[in-house]
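Below: one structure, written as structure tokens.
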Amino acid sequence: MKKIILSLVLLLTLVSCEVYDQPKTLSLSGEYIIDRITRTSTENTSGTQQLVVYQPGDTFISNTESFPMDRIVVGATRWHFDYSVISFSPVGLNNGQVLWQYQYFYQVYNNWYNTDLGHIEFELNNGTKRMFKIIDDSMESLTLRTTGQWPNGPYGSNANITLHLTRVGP
């Protein structure tokens, strides 16, 4: 009898199913406004973290960074994602259209797991690459975090910059 029960348990273990969740489909396409920035830096000497939050009306400035990350006016800076193009610096035209002055092709990498939405990577005209980890992607918002592409500067090398974007257009 023990052999039969052991055989059944072994059989159920071998043929049991694992629940499969399909990775989330990203919905990056649209126009966003950066409505909050959080900067977390870790001091190497004490291991403490310093959190600075930039709210609408604040200006995030980094003298060691290049466009588009050198100056961000929180609550006013807009970015636009298309299916493969990220756009910066909009200019409104008289006919109601928007002209985006700077556009770069971007790639999404490593969107293979439910817990990892992947990374966005694009290269600027000066040859520097920008990479952001996608923290959250919903119909109304997008959260991106820098992934080590920020140079040593006033924030140090151990700083994470998180951009909280809210969708404002199609």
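Numbering of residues begins at 1 and proceeds along the displayed sequence.
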Measure the spacing between CD of Gln107 and CE of Met131 and express it to the nearest 0.5 Å.
11.0 Å
Should Ile120 and Phe81 count as side-chain neighbours, where that means a heavy-atom distance under 4.5 Å?
yes
Between Arg78 and Val98, is any pair of side-chain heavy atoms under 4.5 Å apart?
yes
Contact summary for Tyr104 and Glu123, nearest pair of heavy atoms:
CD2-O, 3.4 Å
Interatomic spacing from CG in Leu142 to OG in Ser29 - rounded to 0.5 Å
11.5 Å
Between Tyr54 and Ile34, is the side-chain contact (heavy atoms from CB on, under 4.5 Å) condition met? List the steps.
CA-CA 10 Å; Tyr54 295 85; Ile34 299 175; over 6 Å; no
In this structure, would Ile135 and Ile86 fall into the same cluster of hydrophobic residues linked by side-chain contacts under 4.5 Å?
no
Under 3.5 Å, is there a donor-acceptor pair between the Asp35 and Thr166 side chains?
yes
What's the spacing between Phe132 CZ and Ile161 CD1 if we round to 0.5 Å?
10.0 Å
Atom OG1 in Thr40, atom CG in Leu51: separation rounded to 0.5 Å?
5.0 Å
side-chain contact (heavy atoms from CB on, under 4.5 Å) assessment of Thr162 paired with Thr143:
CA-CA 7 Å; Thr162 304; Thr143 304; 3.6 Å; yes
Between Ile37 and Val52, is there a side-chain heavy-atom distance shorter than 4.5 Å?
no
Under 30°, 30 to 60°, or over 60°: which ring-plane class applies to His80 and Trp100, parallel, tilted or perpendicular?
tilted
Quick one: are Arg130 and Glu121 in side-chain contact, heavy atoms under 4.5 Å?
no
Could you state whether Phe105 and Tyr32 fall into the same hydrophobic cluster, counting links through intermediate Ile, Leu, Val, Met, Phe, Trp or Tyr residues with side-chain heavy atoms under 4.5 angstrom apart?
no
Can you find a pair of side-chain heavy atoms, one from Asp58 and one from Val53, that are under 4.5 Å apart?
no
Taking C-beta and beyond as the side chain, do Thr38 and His164 meet within less than 4.5 Å on heavy atoms?
yes
Backbone N or O of Ser84 within a donor-acceptor pair of the Asp82 side chain at under 3.5 Å?
no
Aromatic plane relationship, Phe122 with Phe88 - under 30° parallel, 30 to 60° tilted, over 60° perpendicular:
tilted
Pair Phe60, Thr77 - check side-chain contact (heavy atoms from CB on, under 4.5 Å), show working.
CA-CA 11 Å; Phe60 174 84; Thr77 300; over 6 Å; no
For residues Ser87 and Val85, determine if any side-chain heavy atom of one lies less than 4.5 Å from a side-chain heavy atom of the other.
yes
Does a side-chain heavy-atom distance below 4.5 Å link Trp79 with Leu163?
yes
Which atom of Val91 lies closest to which atom of Gln101, heavy atoms considered
CG2-NE2, 2.9 Å
Report the C-alpha separation of Thr59 and Arg71 in whole Å, then their side-chain angles, then the decisive distance to 0.1 Å, and conclude whether the side-chain contact (heavy atoms from CB on, under 4.5 Å) test is met.
CA-CA 7 Å; Thr59 302; Arg71 186 171 196 266; 4.0 Å; yes
Taking atom CG of Asn94 as the centre, report whether more than 12 heavy atoms of other residues, nucleotides or ligands fall under 6.0 Å from it.
no
